[in-house]
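Reckoned from all heavy atoms, side chains included, excluding hydrogens, waters and symmetry mates. All values derive from a computational prediction rather than experimental measurement. Throughout, protein chains are lettered first and strands after them, A, B, ... in sequence-line order, and every chain is numbered starting at 1.
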Amino acid sequence: MTTFNPNDIPSRFDFAEAQNRIFQMWESGGYFEGDPESKKPPYTVVIPPPNVTGALHLGHALNNTLQDTLIRMKRMQGFNALWMPGTDHAGIATQAVVERRLKEDEGKTRHDLGREALVERIWKWKEQYETRILGQLKQIGSSCDWKRTRFTLDDVCARAVRHTFFDLFQKSLIYRGKRLVNWDTYLQTTVSDDEVFSQTVKGQFWHFKYPVIDPKPGEPDCVIVATTRPETMLGDTAVAVHPEPDKALDRVASELREKLKKSSDAEKASVEAQLDALAARRELMLPKLEQLRDMASDGRKLLLPLMDREIPLVCDVWAKPELGAGCVKITPAHDPNDYEVAKRCDLPMINIMNRDGTLNVETGVYSGLTMKQARKKVVEDLDAIQLLETVEDREIELPQSDRSKTPIEPYLADQWFVAMGELSQSAIDAVVDGEVSITPKRYERGYLDWLGEKRDWPVSRQLWWGHQIPVWTKACGSEGEVQPLIDAIHALPGFDGTVAAVQLEPCEETDSKKRANLELPFASVHVCVQSGCEDFEKALEELGLTREEDVLDTWFSSALWPHSTLGWPEQTPELACFYPTSTLITSRDIISLWVARMVLMGLNNCGEVPFEKVYIHPKIQDGFGETMSKSKGNGIDPLDVIAKFGADALRFGMAHLCTETQDVRLPVQFECPHCQHSFDQTKKNRILPKVACPSCKKEFSTQWAESEEDKSLEKGAVTSERFETARNFVNKLWNASRFAMLNLEGYEASPISEADLTVEDRWMLSRLTTVSGNVTAYLEDFKYADATRELYEFAWHQFCSFYVEMLKDRFADESKRPHAQRILAYSLDCLLRLLHPVMPFITEEIWQNLANLCPQRGWGEVETVNRCIIDAAWPELDPAWRDEAIENQFALYQAALSDLREIRNSQNIGNKKKVKFSIKCTADIGDLLRPLGVYFSRMANAELIELGPSAEAPETSATRTTAEMEIYVDLDGLIDIEAEVKRLEKEKANLEKSISSKQRQLSNEKFVAAKPDLADEIRTSLLQAESQLSTIAESLQKMIAKL
RNA sequence: GGGCGUUUAGCUCAGUUGGCUAGAGCAUCUCGUUUACACCGAGAGGGUCGGGGGUUCGAGUCCCUCAACGCCCA
């Protein structure tokens, strides 16, 4: 082993070299590992598992920095800390990326490949990206227990998923039902809401007449409905009218009047015209609308043309009296709004579409036509029987599939649901009762509102990548088939309630003729099978049952994450020790999708909430206030930031911007790879494949580079200069430590008696006590920005700028040196510990270097320090060391010093020129300042000549005042009178402003009566200000005389 | 449409229960290489706290209202 020589320490921290080395040391040393057998109290955090779709972005960097900071502090505080890592299979997102790749690279669809081969491909993709993601997390410094890394689709998680599904199925909390989905008729699959985009196209609005059956005298013989999709009329099951047309019209009118008040002159005419039209319409239509409403209440029926089906006239608020004829046709199986109406009014839902988008047998003669063909024919046929009223041109919103670019059809499909009633309530109670707390508290509301709706959770997804639903189904054509089948299942070898559960789903269509027509079964028998019963599954298949093809919503497995990762349903030591976990740190967009579901699943499966605290951190936007994303080109790769600034700077920067607001802005820059010049990203240049550097004019490529030519250019990094502050801070800490180590030669550990502590030592101890207390409290409360601000201010402007500077004089004095060394080592040690959770790498590096010189530290008691800072004890200083009197004493010194420096600057006196000065103050204050007087020389190259009540201003001097002191700098032969006059005048003006404001307050009788203590304080400070003013006025007069 | 949030210096943000001349970092300007650090040191300039109204002795802070921007849910 080579001997450590502080002189070899470079003046910059080589983070690139150190990070990997240090991380490996931690990992191989087992420092990240949680021990289920430990006697220490547990502290657990589960990572929000990143999706395996791609690389991590800055939001992940923020999220994981915050978790790591917390877990590192807890580890140092003596907890048995476990940070559980892993990744999410992210069903739709991942399958979509792989499918897109397949299409682009090989021109194939998933159907060309088949289920097994596609899933295999996705696994390969997952392996590749998971490695990359975990690598990124490690680069950030994440101290996860990596040996425990889980994946939401691995065997352990799969068992938990299956167990949960089985449990819910058995409790009848899982059931199969119908739901409208977005159907892509080209790909023959459902697509999620966020994969649907709307396009405005030119279309027509057709008005049809539906005859009324047996109208009473005075009633119309038909009603008029309008639609943009005539062919859907084949599936109509009702026509709706508004239950309170007058009130509805009133509301529309009052909304228009409100709008009129607010609208500009230009808009007024149009709004007024609308109001007039509405009034006219009311006059003309209201009686008719009310009549229709009465007819509906009276149970009048209509005859659906072409289909000759009787359909009811119903009352529902979905009908808009202000539009068209005021009636709306209801097609429950093919329109989301109509679907809601059907549920409210208990209407039948008729599916008229085959999976390929053609019309099914329900539509009779139209069966087999495409939607487009059917539209033409329906319109022609209605026209032929004089039921087509009018046609108008109109722009319509057409939903399209983002994947196939073909129109989306709303389609009623079989879906599995989780019944949310009881489950939601348990999760509501957990937060209301305070078992789970959400910080910031404002996010509770969204959580509670969402759960309060208690909408059943549709969990099936028509995908191949995910947990396949463990249900085997057989459709029974007749009633007679059902019981024998159930009996046969019960008679299967190994059947009992722990292995399989049976549910019977009767067909919604009760008319046996229609069922036969539509090839619908009488009922479906569903069997849910536990994991590990492959023989039983086979037996079911032999009975003719087939396995459900759909997979589960990816959030189903995510909801189990806090306990599935710990081995549930096995009662593992890990589960016993680390569940419930302590804190969850995540971002607000998945509070309902993920957080709420974890709470209810945790309660259902384990009987305990999954975590005590939830912290919701801000979201990062770019300089334009837009969300960062790869598709916009404004996304920052954390690795680019780490490469340029180092992981510690990334982390410090992240924590530093983590305030209580919900968004933070981070302006984004390109960095030229040729000359390292940084310049702002704009909305224009961020989408270019190559960009020219404005400084060196050379071009570099971006993430958009596709052509060979562009790709051959060097790639420019995308970062943010907002990390510079943090990088500079890292450098400052490095060099302060370097200075310390350069001065620790001959260090010997031994206790210092309290009496030997100097004023500045006491000050440093007091500050350390305050700062460590504050930082601890801030981090416990998730106030990361406050914690880092406090550390930054303390380390830079107190520790470095004052304490270390003062120690320089003491190092120069052999007799004071050993004492100074011990106290410096001690305070640096303490500072490093406080910074470690946020800046783990540099603090570890300095810690180990420092250990070479002073392995034993402490000023009162001496102890040998741990080998690594990662498991060193968190500073807990005796609050008795907090000394306000000493801090005030120091403040006096700092005030005098800054006046001296200001005089030097305003008088333009070079640093090398020594000045002499005096301070006039009370004897008490003089006594306080005296011990620090010697440091004016080092800090301002100024010699204190006189201190106390008898100090006088020299003939030619600059004067400054503070509340407690008057400071005179002897400027014989140096003075710039004009500058001094200017400065004094300004000072005078400031004081006058301050005095008059104080006088105003004191002359306010109500104020003095209400706040006597505060008034006293102001009175005192007024006296001081007046005295300052007279001193300044006097000096000013003297100066003016010299002009 | 409903909910949440933001608006303070050129930029990014602090500002606790209302109280003395509203703070920081970056940027700008001036001066400076002094036994760690130019990724440094010292100092300066820069704000009618989004607009309007109210409560109060007193409002960046509390209430109402308007506006702009952002996010989530429908």
Side-chain angles (χ1 to χ4, degrees), chain A residues 6 9 11-13 193 255 262 336 440 442-443 445-446 449-450 453 587-592 618-619 621 623-627 645-646 649 653 656-657 659-667 680 720-722 724-743 783 785-786 789 792-793 796-797 800-801 804-805 808 811-812 897-898 900-912 938-941 963 983 986 989-998 1000-1011 1013-1015 1017-1022 1024-1025:
Chain A
I9 303 174
S11 71
R12 303 234 173 126
F13 173 45
D193 287 343
E255 278 168 14
K262 292 177 206 163
R442 63 171 178 273
Y443 292 114
R445 185 165 174 164
D449 285 354
W450 185 83
E453 291 181 21
S587 86
R588 67 174 180 278
D589 37 15
I590 50 176
I591 294 174
S592 44
K619 299 210 64 165
Q621 301 174 339
F624 305 105
E626 294 180 22
T627 356
F645 299 104
H656 195 251
L657 56 74
T659 59
E660 268 205 31
T661 52
Q662 56 176 14
D663 301 308
V664 286
R665 283 187 185 199
L666 197 71
D680 284 344
S720 175
E721 60 192 19
R722 293 217 29 215
E724 281 177 12
T725 307
R727 189 261 325 260
N728 295 352
F729 182 56
V730 166
N731 182 249
K732 188 70 181 178
L733 181 70
W734 180 255
N735 277 290
S737 308
R738 187 163 78 107
F739 169 81
M741 289 185 266
L742 288 168
N743 284 282
K783 294 181 173 169
D786 289 319
R789 267 167 227 277
Y792 180 92
E793 164 66 21
W796 199 308
H797 295 113
C800 291
S801 296
V804 169
E805 284 305 311
K808 284 177 181 171
F811 281 131
L897 182 66
S898 91
L900 277 172
R901 285 168 166 175
E902 192 274 317
I903 290 173
R904 289 199 84 104
N905 261 288
S906 65
Q907 287 291 317
N908 204 12
I909 302 166
N911 286 346
K912 288 192 171 155
R938 165 168 295 278
M939 312 280 263
N941 199 13
R983 173 69 209 181
K986 191 184 158 189
N990 280 344
L991 283 164
E992 282 165 347
K993 195 172 146 198
S994 158
I995 286 168
S996 73
S997 124
K998 287 178 213 289
R1000 205 172 333 114
Q1001 269 197 296
L1002 289 173
S1003 65
N1004 181 334
E1005 282 168 29
K1006 285 189 183 170
F1007 168 65
V1008 178
K1011 295 270 180 174
D1013 294 355
L1014 196 55
E1017 271 178 48
I1018 294 178
R1019 216 165 276 129
T1020 312
S1021 74
L1022 175 62
Q1024 284 168 341

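Between A:Lys619 and B:rG70 there is no side-chain polar atom (N or O) within less than 4.0 angstrom of OP1 or OP2. Of the side-chain N and O atoms in A:Trp450, none sit less than 4.0 angstrom from OP1 or OP2 of B:rG2. For the OP1/OP2 pair of B:rC37 and a distance below 4.0 Å, the side-chain nitrogens and oxygens of A:Arg738 include at least one atom meeting the criterion.
In this structure, A:Leu897 atom CG and B:rA42 atom C1' are separated by 10 Å, rounded to whole Å. Rounded to an integer number of Å, the gap from CD of A:Glu793 to P of B:rA24 is 9 Å.
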Return one dot-bracket line describing RNA chain B 5' to 3' (Watson-Crick or G-U wobble pairs, both distances under 3.5 Å; ( ) same strand, [ ] crossing, | another strand, . none).
-> (((((((..((((.....[...)))).(((((.......))))).....(((((..]....)))))))))))).

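Rounded to whole Å, the P atom of B:rU30 lies 26 Å from the corresponding atom of B:rU12.
Nucleic acid contact for A:Gln1001: base, since at least one base atom lies under 4.0 Å from a heavy atom of the residue. Across all strands, A:Gln621 comes closer than 4.0 Å only to sugar-phosphate atoms, never to a base (heavy-atom distances). When heavy atoms are screened at a 4.0 angstrom cut-off, A:Thr725 is found touching the sugar-phosphate backbone but no base atom. Within 4.0 Å of A:Leu1014, counting heavy atoms only, lies at least one base atom of the nucleic acid. Note on A:Lys993: nothing from the nucleic acid sits closer than 4.0 angstrom, heavy atoms only.
In the set B:rA42, B:rA36, B:rC39, B:rC39 carries the atom at the smallest distance from any side-chain atom of A:Arg727. Which of B:rC72, B:rC39, B:rC4 sits closest to the side chain of A:Arg442 comes down to B:rC4. Here the side chain of A:Lys1006 is nearest to one of B:rC37, B:rG43, B:rC57, namely B:rC57.
By the ring-ring contact (aromatic ring centres under 6.0 Å, His included) test, A:Phe13 is found to be paired with A:Trp734, residues two or more places apart in sequence or in another chain being considered. A:Arg1019 pairs by the salt bridge (Lys or Arg N to Asp or Glu O under 4.0 Å) definition with A:Asp1016, not counting sequence neighbours. Every residue two or more places apart in sequence or in another chain was checked for a ring-ring contact (aromatic ring centres under 6.0 Å, His included) with A:Phe1007, and none qualifies.
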Could I get a table of every N or O pair under 3.5 Å where one atom is in the protein and the other is in nucleotides 9-14 of chain B?
from   : atom 1 : to       : atom 2 : distance (Å)
B:rU12 : O3'    : A:Arg665 : O      : 3.3
B:rU12 : O2'    : A:Arg722 : NE     : 3.4
B:rU12 : O2'    : A:Arg722 : NH1    : 2.1
B:rU12 : O2'    : A:Arg722 : NH2    : 2.8
B:rC13 : OP1    : A:Arg665 : N      : 2.4
B:rC13 : O2'    : A:Arg789 : NH2    : 3.1
B:rA14 : OP1    : A:Thr659 : OG1    : 2.6

Listed pairs, N/O of protein and of nucleotides 29-35 of chain B, under 3.5 Å:
from   : atom 1 : to       : atom 2 : distance (Å)
B:rG32 : O2'    : A:Asn911 : ND2    : 2.9
B:rU34 : O4     : A:Asn911 : ND2    : 3.2

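Both cation-pi conditions hold for A:Lys808 and A:Phe739: the charged atom is under 6.0 angstrom from the six-membered ring centre and inside a 45 degree cone around its axis.
The side-chain heavy atoms of A:Arg588 and A:Ile591, taken from C-beta on, include a pair separated by under 4.5 Å.
Both A:Ser11 and A:Glu902 sit near RNA chain B, but only A:Ser11 has its closest nucleotide nearer the 5' end.
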